[in-house]
Every structure is written in C-alpha cells, then in structure tokens.
Amino acid sequence: MHHTLSHWGLYEVVQDVDGPRLVASAKDPDPSPIGLDQLSPTVTRLRVKRPAVRRSFLEGRRAEGHLRGKEPFVEVAWDEAIALVASELERVIGRHGNSAIFGGSYGWSSAGRFHHAQGQIHRFLNCIGGYVRHRDSYSHAAANVVLPHIVAPLDTLMAQHTSWDQLAEHCELFVGFGGVPLKNAQVTAGGAMRHHVREGLEAMRRAGTRFILIGPLRADLDVGGPFEWIQIRPNTDTALMLGLMHCLLKSGRHDSGFLDRYCVGFDTVSTYLTGRADGVVKDAEWAAGITGVAADRIETLATEIVSSRTMMNVAWSLQRARHGEQPYWALITLAAMIGQIGTPGGGFGVGYGAVNSVGTSKLRMTGPTFPQLANAVSDFIPVARIADLLSKPGQSFSYNGNVYRYPDIKLVYWAGGNPFHHHQDLNTLAAAWAMPEAVIVHEQYWNPVARMADIVLPATTTLERNDLGYAGREGHLVAMKKVAEPHAQARDDYDIFAQLAARMNVGPAFTEGRDETGWLQWLYAEAVAQARKLGMALPSFEEFWDAGLIDLGDMPEAPVMLGGFRADPKGHALPTPSGKIELFSATVAGFGYQDCPGHAAWLEPDEWLGSAQAARFPLHLISNQPSRRLHSQLDHAAYSVDGKVAGREVARINPDDAARRGILGGDVIRLWNDRGSCLAAAAIDDGVMPGVVVLPTGAWYDPDRSLEVPLEKHGNPNVLTLDRGTSSLAQGSSAQTCLVEVERFEGGSAVTAFDLPEIQARAS
C-alpha cells in the first residue's frame, strides 16, 4: 500500500483484483469524498485520448476563432501536434513578440510540486522569451492587494492564524462574517493530510465558545451544536461593521491605548464614523437601513464583542464583490477598536474555513518549488481581467496605484485550470475568446476549456505519474508514486514541454538535463535544505521514496496571530509604511481612487438592492464554492453528479421567494439577468434568507448555442455574474455582486456538458 495526494486529501492506494482504487487515509479524522472515484470508468470516459485540432484551424483558417466550441476536432499524431504548436509559437513571437502570448494557466491543477501544470507552462514560456502573466487569484485578489497596505500580506497572515487549540482554550465569542463553511475547508493547495476544521469548531463549542454567524446562508457554519444566525443582505457587511464601530466610539468602549500604540489613522476613521467627513453618521440606525439587521441587535452585538474574548473572522467570499477591499479593512479596524489583536483567542481572522490549513499547528516549512525562471515580459493583468485583455488591446487599466495597458494577445496557451469556470460573465468571455489567432490547451478531460481550444494536447493525471506532494502549512511530504499507466496517448506536461523546447532550440534550458526522477530528487534536496534550517534532518531520497510519507510534526508553540507584534511592536514591526496597523493609509489615499479611499468606507455596490435594476432582478445571487468538487474539477465524477437533480446543478431558494414564483422543489428553473441565463434544479431551503438564491460554481459550461443569446443548460452561475473589478486598487473578481430573477422553465433543453465532442476522420 502507498499514498497519493490531492488538494482535497491524502489517499491510500489499494490494489484489488480489478485494479487499483483509492480509499481515504486512516490518518484523516474527517476525510473528503471528493476524488475517490478518479479511476472510475465514468471519469475515464471523458479523457482526451490523442492530440486533437479544431477542423478549420487545421486547415489554416485562423480567422475563424468564432467557431471555437462549435465545430469538430480532428485527431493528429503527436509529432504533427508538436510541430504545429511550435510553429504557432514561432509565428506569433516572430511577428508580434512574446508580449502577444498569454500564459493563461490558472487553477489548482496537480497537488504535486513537480507536475503542477502552472509551474511547467510558465517555465517553458520563460525559456522561449516570456509571456503575459496574471497576478493574484480569483479566490482573494482584493485581500491580496489591500492587506499589505493595512497590516501584512494575506499569505503572511494565513501562515500565523491563531490555532484551533488556542481558540478552544481562550475564545469566548466567535463572530463569523460569512461563516466558516466546512465544504470550502475540504481543500488545501498542495494537499490536505488531516482535515481539522470540523474538529476545531466542535472543540471550541464543547469548551464553551459561543458562535454567531453573520451571513445570508445558515449552512455556512456547522459547529455540531446551536449557534446564532444573523441574516444580512449580501454585500453589506462593511456597513454593519461601521455601525458596530460607531457604537463602540459613542459609548467610549473602544481601546484607545491599543489604537495609540499599535495603529495609525484612527482620527480619520473617527471623523468618518461621526459624519464630520461626509455628513452621514454611521450609527446603528444607519447600518440597519442598509443591512436589514435590527439597530438594537447591532447595539447589543457591539457590547457582546467588546465584553468577551472575541475572534472575528471574514470569509473570502466577502471580498469577491464590488468594493471587496472594504470588509477586510473594516474588520481589522473594528478589531483594533476592540483591542484584542495579538491575544490568544481574540482579534481577527481572514481565512478560517477558506482552506483546511488555516488554523493549523503543523510545522511550516518553505516548500520545494519547480523553478519557473525569469520572465522577460513585464506585461501582466490582474487575474480576473481576462476578457478585457483579449477584447480591449491597448486600453489602460488601474491597479494598486499605477496605470498599465492591455497588450495585444494573439495566442493563448493554457495548461491547468478552466477559465469557463473561474471567470465571470461567460458570454462576454466567450466572445473575447474568439479574438486570439490561436488557443492551445493541455487537458486530461474534454471539459469546457478543451472544447474551446484550437489545439488540445492530452495530459496525464496525477495518478499516472510520480511526484512529490507538499503543502506549506499541512506538515507533510508525500511520495506520490504512479498508480496507473497514462491513458491512451496522454503525456506528462513536462514531456510535452521538453519536446517543444527541443524543437525550439531551448531544450537544455528547460530540462537542465533532468528527467522526472532527476527533478524529484532535486526538489527533495530543496526540502532537505529547508528542513535543516528548522533543525530537522530528513532521510535520504531513497528512504523517503520507500517510506512514502514524512510527517514533519507540530510547531514548538501554537501560533497566535500578531502575538509578536502585540508583545513588541517595534521589534516585530509590521511591513507597512508606519510599521503599525494602518487604519488610514496615506498610500492608498494618495492613489486618488473614488472606489477605494484611504480607510474603510461604505460604498454602494453597482447592483444595489435599492436601485431601479432591483425592480427587474430582485434576488441576490450567491455563487459560492461547491461541496462535491473543487471548483469545476471532477464535475463529471459520480460524487459530483449524484448531487445534481436530473443532471443539473441545484439552486437553493427561500420558501417565500419560491412560493411567489410558483416554484416547487425539483422544478427546472431559469435564472436570468441582462448578461445571460442558465437552467438549474430548484431546492426549497429556509436556510437561505429571503431575497437570495444560491447556485454553486463549477458545473461545466454547457451553452445552447442555437439561441441568439446562449442559454446555459447545466447550472453554471458565471453566465450571470458581474465581470468588473472590485475596485481600481485590486481589480479582483466581483462575482458576489449579482442580481437576478428566477422563474419556472417549461421548455425542453437537454444537458450535454458530459457529451464527447465530435471527432472527425482526417480528410484524405
């Protein structure tokens, strides 16, 4: 028996008479079922078997990008496919330069440190002169950009979140803005060995911690017992936090000593809260009118959080909205006013429940990384601006205090990830996707991005190659030994890029003379060197590979976030201009952004419930993370399919909203707005607050292209979501700012998401 690793868990490989199968690791107290059926015939059926080229592209008609996703593919031999890809790269570079190539890898891809597609493609493109890249992530772009101006980078904070055992011992009140959704905590980038969020929450409850969920969905918190649910209108958490701040300021219960010693800018915040800046007092009555939370409950909540050892956490989903920077800035400001930052069990969190690793006590080590080399192209985009990049060459955009321009992209090269899941307003993306001259994709399955490509190269899966598994805050190294032979003609991304590199005369630069085993030994040597810095001696590579798993153990002391800063604010100064928490940032204020001022502020979303648009689209769509897959990965697996109804993703709606529309559980419904429409199956759920409908992301994009405005048939909410940056500061995803209407659907429209594309024989 040996182990393999995925982002959603550690698996044991069992050899049966019929072949290998995966079972959850016995070391995991709360294993995720996602991924157990990766070897099943249902999953294998959708594999890309051989290199395939879109018919008109193979015939030399590059100007017909509008046919992507609409016409058949022709299978070709590997040698021809490699030659075709190399010639396209050489043509584009020769005519337009490397800034005409978008290296669009995005997504979690493999959990292995070597065969991670994003690292592979970026190294290759850097070897041939560079590429246009992306910055940040769909998950937390607004937080990525704004937090360094306030306190510290998000990754720094995630690595030191107060541990669950510290919370169980010291936390009296846990307030979750957006909750701590266990479905999200199934994963960690690089692999979750031991899922601990559920047991962490339940241990806190048993120890007497009181929980309050503030959000539109009751399912976003599960502590194994009762908790209070405060329903709040989506996108209004900042207003609630400002109202709580005003209550503290008005009562004089804010911690002036903490604010003076550890923070800068509270005088500006005070001026804003009291209305001296804009004539609007941000009191409880004001907040109640925006949020729907009663003013008296806001006032009592302010008293409760300041009277207890309180941890306040903000979910990543809150910053995936217009002005998504504000709830994070507001939460930190509120926590500073309470004065418990850096104490065991108190302060703030910016990731509990977002991934499994947040709150762990496992030893943290800088992991081995496949080197991507230097990129000679300086052009980049904020990650969620793909459609703008492809459709608006030369147009300027603001980002974090500077102005940039979109380059003119002629070729998209994608390996790992699915933009027709991650991105917003997919009808607009599909139109922009038609504009480049060539789209090249490495894929394992005939998913939406493969169907929308010109050239599809079949890649191996994690289980068909050897790799080294490691996640920075999970405390393990895993020998990911190959479980099965490559399917049909699938090849490793590394082998594909090595062949391309050799053909383009950069072979030695890409491979450095190493094969898969050579790179795994090199990566392990990097891990040995990092472990040595921590006083730990790792065994030889051969011993590690034979043992299969190394548990790095726990940290010497359970972490308390910003505990060092609280104990010694000068010796542990923050990486901000002042070295302190910047409740007002002169840097951000100096950017002059109307949509992101220099302190936490209430800014109405574009699609606001009080707007004229809300009369047409009165329901707020929450497009949250799915529970039965990671993003769109393995949507065709049985575990994901079993969660659908009649093959469609399930949309949950409040009973009152359903009754007004004559909707019953199991009905096919159409969700629509001016950007598009999709079908889903209805589920009636009183755990969804009135005025809200919930449709998880990740259903494979399945448009009916026979219609003038495509109807998405499978339940992909991103045909509806807003494709606009969070603000001029971060330009992150604003998916959670979205109004829709819902109605019963009486027509017939079959789901075809998992049908194989038409593969034609080559003309003789």
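For the single chain, residues carry numbers from 1 onward in sequence order.
A distance-only check finds no donor-acceptor pair linking the side chain of Ser623 to the backbone of Thr697 [under 3.5 Å]. Distance alone, capped at 3.5 Å, is enough to place a donor-acceptor pair between the Thr737 side chain and the Arg322 backbone. In terms of modelled atom types and a separation under 3.5 Å, the side chain of Thr726 and the main chain of Ala730 share no donor-acceptor contact. Checked by atom type and distance alone, the side chain of Arg205 pairs as donor or acceptor with a backbone atom of Val223 at under 3.5 Å. Listed for the Thr343 side chain is a donor-acceptor partner under 3.5 Å among the backbone atoms of Gln340. Checked by atom type and distance alone, the side chain of Thr156 never pairs as donor or acceptor with a backbone atom of Ala152 at under 3.5 Å. Between the side chain of Trp164 and the main chain of Met204, no donor-acceptor pair closer than 3.5 Å is present. Checked by atom type and distance alone, the side chain of Lys183 never pairs as donor or acceptor with a backbone atom of Arg628 at under 3.5 Å. Thr300 places a side-chain N or O within 3.5 Å of a backbone atom of Arg297 that can act as its donor or acceptor partner. Of the possible polar contacts, none joining the Arg473 side chain to the Thr360 backbone as a donor-acceptor pair under 3.5 Å is found.
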* To do: Would you check, one step at a time, whether the test ring pair (Phe, Tyr, Trp, His ring centres under 6.0 Å) holds for His161 with Tyr352?
  => CA-CA 8 Å; His161 266 59; Tyr352 288 114; 4.9 Å; yes

* To do: Walk me through it: do Tyr262 and Asp255 pass the test side-chain hydrogen bond (donor to acceptor under 3.5 Å, both in side chains)?
  => CA-CA 11 Å; Tyr262 298 100; Asp255 191 331; over 6 Å; no

* Full working for side-chain contact (heavy atoms from CB on, under 4.5 Å) between Thr333 and Met245 -> CA-CA 8 Å; Thr333 306; Met245 291 181 220; 3.7 Å; yes

* **Full working for side-chain contact (heavy atoms from CB on, under 4.5 Å) between His134 and Tyr106** => CA-CA 9 Å; His134 72 257; Tyr106 178 84; 3.6 Å; yes

* Under the salt bridge (Lys or Arg N to Asp or Glu O under 4.0 Å) rule, what do Lys362 and Asp554 come out as? Steps first, then yes or no, please. => CA-CA 4 Å; Lys362 300 298 289 184; Asp554 294 332; 3.7 Å; yes

* To do: Report the C-alpha distance between Leu549 and Met193 in whole Å, list the side-chain angles of each, state the deciding distance to 0.1 Å, and finish with yes or no for side-chain contact (heavy atoms from CB on, under 4.5 Å).
  => CA-CA 10 Å; Leu549 179 67; Met193 187 174 78; 4.0 Å; yes

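Taking 4.0 Å as the cut-off between side-chain N and carboxylate O, Glu228 and Arg210 count as a salt-bridged pair. Salt bridge status for Asp283 with Lys250: absent, with no side-chain N to carboxylate O gap under 4.0 Å. A salt bridge is defined here as a Lys NZ or Arg NE, NH1 or NH2 lying under 4.0 Å from an Asp or Glu carboxylate O, and Asp28 with Arg194 fails to meet this definition.
Using a 3.5 Å distance cut-off with no hydrogens or angles, the side chains of Tyr328 and Asp237 do not pair a donor with an acceptor. Side-chain N/O atoms of Glu474 and Ser357 include no donor and acceptor closer than 3.5 Å. A donor and an acceptor atom, one from each side chain of Glu325 and Ser727, are located under 3.5 Å apart. Residues Gln186 and Ser32 bring a donor and an acceptor atom of their side chains to less than 3.5 Å of each other. Ser578 and Glu582 are linked by a side-chain donor-acceptor pair at a separation below 3.5 angstrom, with hydrogens and angles left out of the test. Asn235 and His323 share no donor-acceptor pair across their side chains, judged by distance under 3.5 Å alone. Side chains of His631 and Gln625: a donor on one and an acceptor on the other come within 3.5 Å.
Taking CD from Glu169 and CG from Leu167, the interatomic distance works out to 10.5 Å, rounded to the nearest 0.5 Å. Atom-to-atom distance recorded for Met480:CE and Thr462:OG1 is 5.0 Å, nearest 0.5 angstrom. Note that CE of Met241 and OG1 of Thr291 are 11.5 Å apart. Values are rounded to the nearest 0.5 Å. Taking CG from Asn624 and CG from Asp220, the interatomic distance works out to 6.5 Å, rounded to the nearest 0.5 Å.
Counting only heavy atoms from C-beta outward, the side chains of Asn313 and Phe348 never approach each other to under 4.5 Å.
Relative to the six-membered ring of Tyr470, Arg113 misses at least one condition, a distance below 6.0 Å or an angle of at most 45° to the axis.
Relative orientation of the Phe584 and His599 rings is tilted, given thresholds of 30° and 60° on the angle between their planes. Between Trp316 and His140, the angle of the ring planes goes over 60°, which puts this pair in the perpendicular group of the 30/60° scheme.
For an aromatic pair to be called close, the ring centres must be under 6.0 Å apart, and His422 with Tyr138 satisfies this.
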